[in-house]
Undergrad: 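Mind looking over this structure? Questions follow.
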Amino acid sequence: MAQQENEVVEIVNDGYVVDTEDCAERELAHRERGTARPITVVGNPVLHRECKDVTEFGDELAQLIDDMFASQKAAEGVGLAANQIGVDAKVFVYDCPDDDGVRHTGVVVNPKLVELPADSRVLDDSNEGCLSVPTAYASLARPDYAEVTGQDAQGNPIKVRGTGFFARCLQHETDHLYGYLYIDRLSKRERKDALRQMEEGTPRYETVPNA
């Protein structure tokens, strides 16, 4: 693969990534270099275990990120973890609005969710869905603010923060890389209902059939 110019990730003074500028251009650049891959679905073993830490920050990771953006777009998602295209690596990408309609686009490698003090958590019980549980949705309470620490595609330390729907996305994608689907956080009855919705629906994107 030919070398490509590394994307410069701007960091603001308080250490958080600026992920709201040139979103369309950056997302398109990734997508044009990438190839969409089918989505793995609940039951695939790669979704149900913690992914491996990323230790190599080179062309292979850059290509994976490009393919993830292409796959996310093809499936009409707002976030995608590497294991959702069958890759055992702690990487997720996102192209997601917050509740104010502000678009956030970026990538986090080796993410860790920052634990918030209990007295500062405000729960939002909006509906949640997942490309790996196609056509199913369920209400799930999550904090309406989230922070994630990790690395960028070149291995530099970064922090990402979000509110509302984007906060939900950050939590959802980080969960994926530690082997959790959102339905794992539901009651048994709610999980069964989500799986029933999936069984009755037809995904609008290509999926990997489970053996």
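The first residue of the sequence shown is numbered 1, and numbering continues consecutively from there.
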Undergrad: As an exercise, state the distance from OG of Ser126 to CZ of Phe165, rounded to the nearest 0.5 Å.
TA: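 Interatomic distance, Ser126 OG to Phe165 CZ, rounded to 0.5 Å: 9.0 Å.
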Undergrad: Does the cation-pi check pass for Arg161 over Tyr145, that is, NZ or CZ under 6.0 Å from the six-membered ring centre and within 45° of its axis?
TA: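 Checked: cation-pi criterion not met.
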Undergrad: Without swapping roles, check the side chain of Glu200 against the backbone of Gln197 for a donor-acceptor pair under 3.5 Å.
TA: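 Flag not set: sc Glu200 to bb Gln197 has no pair under 3.5 Å.
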Undergrad: What pair of heavy atoms forms the shortest contact from Ala153 to Ile65, and how long is it?
TA: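 Answer, listing the atom of Ala153 first, then Ile65: CB-CD1, 3.7 Å.
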Undergrad: Within a radius of less than 6.0 Å around OH of Tyr180, do more than 12 heavy atoms belonging to other residues, nucleotides or ligands occur?
TA: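 Result for OH/Tyr180: open.
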Undergrad: Looking at CG of Leu80 and CD1 of Ile39, how far apart are the two atoms once the value is rounded to the nearest 0.5 Å?
TA: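 Between atom CG of Leu80 and atom CD1 of Ile39 there are 5.0 Å.
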Undergrad: If we ignore angles and hydrogens, is there a donor and acceptor under 3.5 Å between the side chains of Ser132 and Gln84?
TA: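 Per modelled atom types, Ser132 and Gln84 side chains form a pair under 3.5 Å.
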Undergrad: Transitively linked via ILVMFWY side-chain contacts under 4.5 Å: Tyr205 with Phe69?
TA: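 Same hydrophobic cluster.
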Undergrad: Is the side chain of Asn44 donor-acceptor paired with the backbone N or O of Val41 at a distance under 3.5 Å, no angle test?
TA: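 The answer is no, because no donor-acceptor pair under 3.5 Å joins these two groups.
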Undergrad: Using 0.5 Å steps for rounding, measure from the NE2 atom of His48 to the CG atom of Leu181.
TA: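 Between atom NE2 of His48 and atom CG of Leu181 there are 5.5 Å.
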Undergrad: Where do Asp88 and Cys51 come nearest, in terms of heavy atoms and distance?
TA: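 The answer is OD1-CA, 3.0 Å.
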Undergrad: If you group Ile, Leu, Val, Met, Phe, Trp and Tyr by side-chain heavy-atom gaps below 4.5 Å, do Val93 and Phe166 land in one group?
TA: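 No, Val93 and Phe166 fall in different hydrophobic clusters.
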Undergrad: Whether the side chain of Asn83 engages the backbone of Val87 through a donor-acceptor N/O pair (distance < 3.5 Å, no angle test) should be reported.
TA: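 Not confirmed, Asn83 side chain does not pair with Val87 backbone.
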Undergrad: Answer yes or no: is there a donor N or O on one side and an acceptor on the other, between the side chain of Asp22 and the main chain of Arg26, under 3.5 Å?
TA: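 Checking the backbone N and O of Arg26 against the side chain of Asp22, no donor-acceptor pair under 3.5 Å is found.
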Undergrad: Okay, side chain of Thr163, backbone of Asp144: is any donor-acceptor separation there less than 3.5 Å?
TA: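 Checking the backbone N and O of Asp144 against the side chain of Thr163, no donor-acceptor pair under 3.5 Å is found.
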Undergrad: Which pair of heavy atoms, one from Leu177 and one from Ala89, lies closest together, and at what distance?
TA: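 Looking at all heavy atoms of both residues, the shortest contact is CD2-O, 3.5 Å.
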Undergrad: With a 4.0 Å cut-off, would you call Lys159 and Glu147 a salt bridge?
TA: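 Salt bridge flag = no for Glu147 with Lys159.
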Undergrad: Begin from the C-alpha positions of Arg191 and Asp184 and carry the test salt bridge (Lys or Arg N to Asp or Glu O under 4.0 Å) through to its verdict.
TA: CA-CA 7 Å; Arg191 177 188 169 93; Asp184 296 330; 2.7 Å; yes
Undergrad: Among His30, Gln72, Arg103, find the one that has a side-chain hydrogen bond (donor to acceptor under 3.5 Å, both in side chains) with Asp95.
TA: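 Only match with Asp95 under side-chain hydrogen bond (donor to acceptor under 3.5 Å, both in side chains): Arg103.
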Undergrad: Do Tyr178 and Leu170 land in one hydrophobic cluster if side-chain heavy atoms of ILVMFWY residues count as linked below 4.5 Å?
TA: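 The answer is yes; both residues are in one hydrophobic cluster.
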Undergrad: Roughly how far, to the nearest 0.5 Å, is CD of Glu128 from CZ of Arg168?
TA: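 Taking CZ in Arg168 and CD in Glu128, the distance rounds to 4.5 Å.
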Undergrad: Between the side chain of Asp19 and the main-chain N/O of Gly106, is any donor-acceptor distance below 3.5 Å?
TA: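 No, because the side chain of Asp19 does not come within donor-acceptor range (under 3.5 Å) of the backbone of Gly106.
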Undergrad: Check Arg142 with Asp175, please: is the shortest side-chain N to carboxylate O separation under 4.0 Å?
TA: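 Between Arg142 and Asp175 there is a salt bridge, with a charged N closer than 4.0 Å to a carboxylate O.
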Undergrad: Does any N or O in the side chain of Asp100 come within less than 3.5 Å of the main-chain N or O of Val102, such that one atom is a donor and the other an acceptor?
TA: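 Flag not set: sc Asp100 to bb Val102 has no pair under 3.5 Å.
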Undergrad: Ala194 and Ile183: which non-hydrogen atoms are nearest, and at how many Å?
TA: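 Between these two residues, the closest heavy atoms are CB-CG2, 3.9 Å.
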Undergrad: Using a strict threshold of under 4.0 Å (side-chain N to carboxylate O), is an ion pair present between Glu50 and Lys90?
TA: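 Yes.
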Undergrad: First locate atom OG1 of Thr149, then atom CG of Leu113, and finally report the distance between them rounded to the nearest 0.5 Å.
TA: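 With rounding to 0.5 Å, OG1 (Thr149) is 8.5 Å from CG (Leu113).
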Undergrad: Starting from Leu140, can I reach Val42 by hopping between I/L/V/M/F/W/Y residues whose side chains sit under 4.5 Å apart?
TA: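 Val42 and Leu140: one cluster.
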Undergrad: Tell me if a side-chain donor or acceptor on Arg31 pairs with a main-chain N or O of Ala36 at a distance below 3.5 Å.
TA: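 Absent.
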Undergrad: Quick one about Gln171 and Thr174 (side-chain donor to acceptor, distance below 3.5 Å, no hydrogens or angles considered), yes or no?
TA: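 No, no side-chain donor-acceptor pair sits under 3.5 Å.
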Undergrad: Evaluate the ring planes of Phe92 and Tyr94, with Trp represented by its six-membered ring, and classify them as parallel (under 30°), tilted (30 to 60°) or perpendicular (over 60°).
TA: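 If you compare the ring of Phe92 with that of Tyr94, the planes turn out tilted.
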Undergrad: Group every Ile, Leu, Val, Met, Phe, Trp and Tyr by side-chain heavy-atom contacts under 4.5 Å, then state whether Met68 and Leu61 land in the same group.
TA: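 Yes, one cluster joins them.
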Undergrad: Would you say Arg121's side chain and Leu116's backbone share a donor-acceptor pair under 3.5 angstrom?
TA: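 Side chain of Arg121 to backbone of Leu116: a pair is present.
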Undergrad: Nearest heavy-atom pair of Pro97 and Val78: which atoms, and what distance?
TA: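 Shortest heavy-atom separation between Pro97 and Val78 comes out as CD-CG1, 4.5 Å.
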Undergrad: For Asn127, does its backbone N or O pair with a side-chain atom of Ser139 as donor and acceptor, under 3.5 Å?
TA: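 No, the answer is negative, given that no donor and acceptor are paired below the 3.5 Å cut-off.
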Undergrad: For Tyr182, which residues count as a ring pair (Phe, Tyr, Trp, His ring centres under 6.0 Å) partner, sequence neighbours excluded?
TA: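 Residues passing ring pair (Phe, Tyr, Trp, His ring centres under 6.0 Å) with Tyr182: none at all.
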